[in-house]
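Just so we're on the same page: letters track the sequence lines, and every chain starts at 1. Note that the structure is predicted; figures quoted are calculated from it, not measured.
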Amino acid sequence: MLSRRDWLRLSAAGVVGASVSGWFEDLADAAAAHPLRKKACILLWMSGGPSQMDTFDLKPGHANGGPYKEIATSVPGIKISEHLPKIAKHADKMAIIRSMSTKEADHGRATYQMRTGRLPGGPVQYPTLGSLFSKELERPGAELPSFVSIAPYRFFSPAAYGPGFLGPRYAPLVVGEGQQGLIPIPGQQRNYEDTLKVGDLDRPRGVSAGRAAARVRLLGEMQKDFLKSRPGLLSQSHKSAYARAVTLMNSKATRAFNLDEEKKELRDRYGRNVFGQGCLLARRLLEQGVPFVEVTLATVGNLVLGWDTHINNFDGVKRMSAVLDPAWATLMEDLKERGMLDRTLIVWMGEFGRTPKINGNRGRDHWANAWSAVLAGGGIKGGQVIGQTSKDGMKVEKRPVRVEDLQGTISEALGIDPAKQNKSNVGRPIRIVEPFKAIKEVLS
Amino acid sequence: MNARLLWAQGVAVVLLGAACTTAGAVAPPAAPRNGAAAVRDAQALAGKIDQHIARRWVKPRAKPAPLADDAEFLRRVYLDLAGRIPGVQEVRSFLKDRRSDKRARVIDTLLAGPRYTAHFTDYWRALLIPEAGNNFQVRLQQGSFETWLKQRVARNVGYDRLVRDLLTAPLGGGRPELAIFGGGANPGTFYLAKEFKPENLAAATARVFLGVSVECAQCHNHPFAKWKKEQFWGFAAFYSGIKSRQLMDFVVPAREDITKRALTIPGTDRTVPARFIDGTLPKWKPGVKTRAALAEWVTAPDNPYFARAAVNRMWAYLLGTGLVEPIDEMAGGTSTPSHPELLDLLAREFASHQFDLKFLLRAITNSKTYQRSSSATHKSQDDRTLFARMPLRGLTGEQLFDSLALATGYREPRNTGGLFSELLSGNTPPRAEFLTKFAQSERATEAQTSILQALALMNGKVIADATSLEKSETLAAVVDAPFVGTAGRVEALYLATLSRKPTTRETNRAVRFVEEAVKLAKKDSTKRAKARRSSAYSEALADVFWALLNSPEFVVNH
């Protein structure tokens, strides 16, 4: 017998809903059919910590500024790096937050904090933002998982990429992992286009479709006795995961992963690299109803350290920008053309920024005191800069934004109640976002 | 200078130079005795466990599940004590064994075996440094921590000794140690994982070793529990001498003030002396190291928390639910034990048997309580605090991978460079990738399956190879086995995966499946089908194997 608690959890997971509450599901489906009702989110995750001084908060003329020049954007008065010319044309849709002020300057801890909203340590396993938000945004009966993570570099903090106490039901579907190490090792990089596909989605080589179906039928027969004699959460969840996996294998929605369907010209515009094609894939996944997609940019080609520019910062950021700029700009244009931008929130952030002071290796080190993040697209009032840093870039002088403030604002922009609570692995209910002060002026 | 080289050198210098020192050359600790008397004591305790558990069934008129049959028991006890399922031969000989004490014997064998060491090293590592999952520096030093643990688990040092060694591990000021990337034996990773911060160390000490959750009192007086803010910081003061510094990307220990005994509560000017969590003060003698005094108190046989927390943890590990829940909040909160006398009894016996973990594991696994079936036979068994039925428990990534490897004959390809290559390339070796995918983030009794896990088991390389005739040792051996017929082959596959013989119905179903596949292949007269006809039989057996490996019965501990 299922205990009451199991029952509730299974209902929540959509395992046992159908027979009991058919009418309710119909209602939910009707709601989901309105594509404008709920928003979607693309998180552009800049693993390693990009330099705010050389992207969105330049300090020309100051010794800390470095050699980059500022350029004008589509919004008078807002200037950004000369190496982001395409993004600059979209400043009217962007809220640039120059006053991120956090405390963690270690990759592992900061990655965990920016991606879960909490500090690591202690018994609670916090879910990553994608799991938290996609749980709220998911459509009942969707064939694709609600959270896809493209090309993650999980080494700094594997737990910061997982569903934590929400459980595997809310884990991301991961594609393109292993493409962005700190130092790319020749020969270990596979063709990136192959890796932007779901692993293990195709049946094993040499197993025909008929045979695969026969296997699944046999499995269904064989497990009956066990499921009957051992009911409960574990066996139900196993059964439901397999049902969903088989659905996914047979789903037409997986054609989202077939980038060859796109025009060559558009693919070129995104950039022929993991991040560029990852952004294109994100758009295709959104079209199939996936509400949360994250695309990681940690490094490019054979660039040492990627965003983590302890050494040769100016060469590094320039090369990173050359990949970021066309991909992000094309994503905005592409979404706009398809009428999707208004309901797609785009978040650009890393785990921290970099020291305003330039170190002895022409590099910049970790810096949590004052750095930049960007919100754009759906739910955001663009064309503005939030906050301000001092002339030397060392301090936030206006409107400091904390981790939870940013996340609460994201939550509100997506139409999600940040105070809603989930049950955690220690029994205690936990809010989606800790109490915060929303950046009200960016919400449209 | 080449930037890549410069950076790599920087990392190497930091990692190698910054490692905490090894905890000296530890004299081999005396292993708790496992003599005949202790074994008899454990078995007597098993009987008492059952009496205590049965006593609570009277009032709700609970009907316990029957005892597990030999196969169900064997699979469970292998997973729990050896971290993997039993092999085909181990199952066969156990089922054939007619001795009445064969269950006790197999428990003894497993407790004495090398897999015990491997499995419980994983267990304690996961408990002591869970931060390896969210902190890359901890992950880099996980190997040396495992080595340190393994030395102790292998010698079966008393649990009190293990904890004392950990809490008194010397830090900093020593010579650089090659403790990274698998070299060296280093308990310092525990301190690194807690960031060398007194408050983190105090919270972990209280939670893990005393079953007391005091974290909330760090910032405010706990609304429900009795711990006060001052008490928390008083406890943290035992770690007040520990210091660290930042070296590039890494946190490293600085020289410790080993006799510092007071701490100023951050954000205040109040200084509190080191004080135990029950409110008592240590009787300081000159020259005594502060952490040594803490370790003495924590691990003392008459500490009201220590033994109880350990037996409750082991109980929850083996039976899915603790005698007090949550297991990290046994005291101070609102939770009460389901079987208070039993908890006291186990704690007393554990302490009086030199905190011998094997004694404890032996006592619980020998009980009928542990040996009940997981098959549901009565509604009353749903109340988990009655322990009237064994709940289903999810497997850890390690348990599942090692079971799969044994069932299929899979061998991990030689590692190409381990963690360092992982750090640099972002690539994960197959076993590590599997462990990440199957990492257990919930309680074992609430473990759920994800789509990605299902896909990995349905279509992933490990299973694909296992069910390919060219690549799978197990499958090839089964298909080629002479004189057994299809039914015999099906039985072998059941034994290899589910660790039991199939029922007649199951045999018939599988045999029918194979025969129909062969018949179907014969009917098809196209050229290509003809060529494949000869393989239809073995392919169908491979399909049976696949279905078994993907069945819920395989992926849970039941």
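- Of all non-hydrogen atoms in A:Ser237 and B:Thr449, the two that sit nearest each other are OG-N, 2.7 Å.
- Neither the backbone nor the side chain of B:Glu325 comes within contact range of chain A; no heavy atom of the residue lies under 4.5 Å from a heavy atom of that chain.
- Proximity to chain B involves both the backbone and the side chain of A:Ala214, based on heavy atoms less than 4.5 angstrom apart.
- With chain B as partner, the option from A:Gly108, A:Gly162, A:Ser229 having the largest number of non-hydrogen pairs under 4.5 angstrom is A:Ser229.
- When heavy atoms are compared at a cutoff of 4.5 Å, B:Val544 approaches chain A by way of both its backbone and its side chain.
- The part of A:Asp202 that comes within reach of chain B is its backbone (N, CA, C, O), which places non-hydrogen atoms under 4.5 angstrom from that chain.
- Heavy-atom distances place the side chain of B:Tyr494, and not its backbone, under 4.5 Å from chain A.
- If you measure heavy-atom distances from B:Leu548 to chain A, the contacts under 4.5 Å come from both the backbone and the side chain.
- Within the model, atoms CZ of A:Arg215 and CG of B:Asp543 stand 4.5 Å from one another, a figure rounded to the nearest 0.5 Å.
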task: Verify side chain to side chain contact (heavy atoms under 4.5 Å, CB included) between A:Phe226 and B:Val556, making sure each step is shown before the conclusion.
output: CA-CA 11 Å; A:Phe226 186 83; B:Val556 304; 3.9 Å; yes

- request: Kindly determine whether A:Arg230 and B:Ser373 satisfy side chain to side chain contact (heavy atoms under 4.5 Å, CB included), including the steps that lead there.
  value: CA-CA 10 Å; A:Arg230 283 139 175 110; B:Ser373 173; 3.8 Å; yes

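- At a 4.5 Å heavy-atom cutoff, the contact between A:Leu201 and chain B is made by backbone and side-chain atoms alike.
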- request: Evaluate the criterion side chain to side chain contact (heavy atoms under 4.5 Å, CB included) for residue pair A:Asp200 and B:Met458; output intermediate values, then yes/no.
  value: CA-CA 8 Å; A:Asp200 307 330; B:Met458 292 171 81; over 6 Å; no

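- If you measure heavy-atom distances from A:Tyr112 to chain B, the contacts under 4.5 Å come from the side chain alone.
- Rounding to the nearest 0.5 Å gives a distance of 7.5 Å between CD1 of B:Ile451 and CZ of A:Arg169.
- Contacts between A:Leu173 and chain B at a heavy-atom distance below 4.5 Å involve backbone atoms as well as side-chain atoms.
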task: Could you check A:Leu218 against B:Trp546 for side chain to side chain contact (heavy atoms under 4.5 Å, CB included), going step by step and ending with a plain yes or no?
output: CA-CA 10 Å; A:Leu218 179 65; B:Trp546 178 94; over 6 Å; no

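- In this structure, the separation between CD on B:Glu329 and CZ on A:Arg428 is 8.0 Å, given to the nearest 0.5 Å.
- Separation of atoms NZ (A:Lys228) and OG (B:Ser375) is listed at 10.0 Å; rounding is to 0.5 Å.
- The shortest non-hydrogen separation linking A:Gln223 to B:Pro552 is OE1-CD, 3.0 Å.
- Expressed to the nearest 0.5 Å, how far NZ of B:Lys461 lies from CZ of A:Arg205 amounts to 10.5 Å.
- With a 4.5 Å cut-off on non-hydrogen atoms, B:Leu455 touches chain A through its backbone and its side chain both.
- Heavy atoms only, all atoms of each residue included: A:Met222 and B:Ala547 are closest at CE-CB, 3.4 Å.
- If you take CZ on B:Arg505 and CG on A:Asp225, they are separated by 4.5 Å, rounding to the nearest 0.5 Å.
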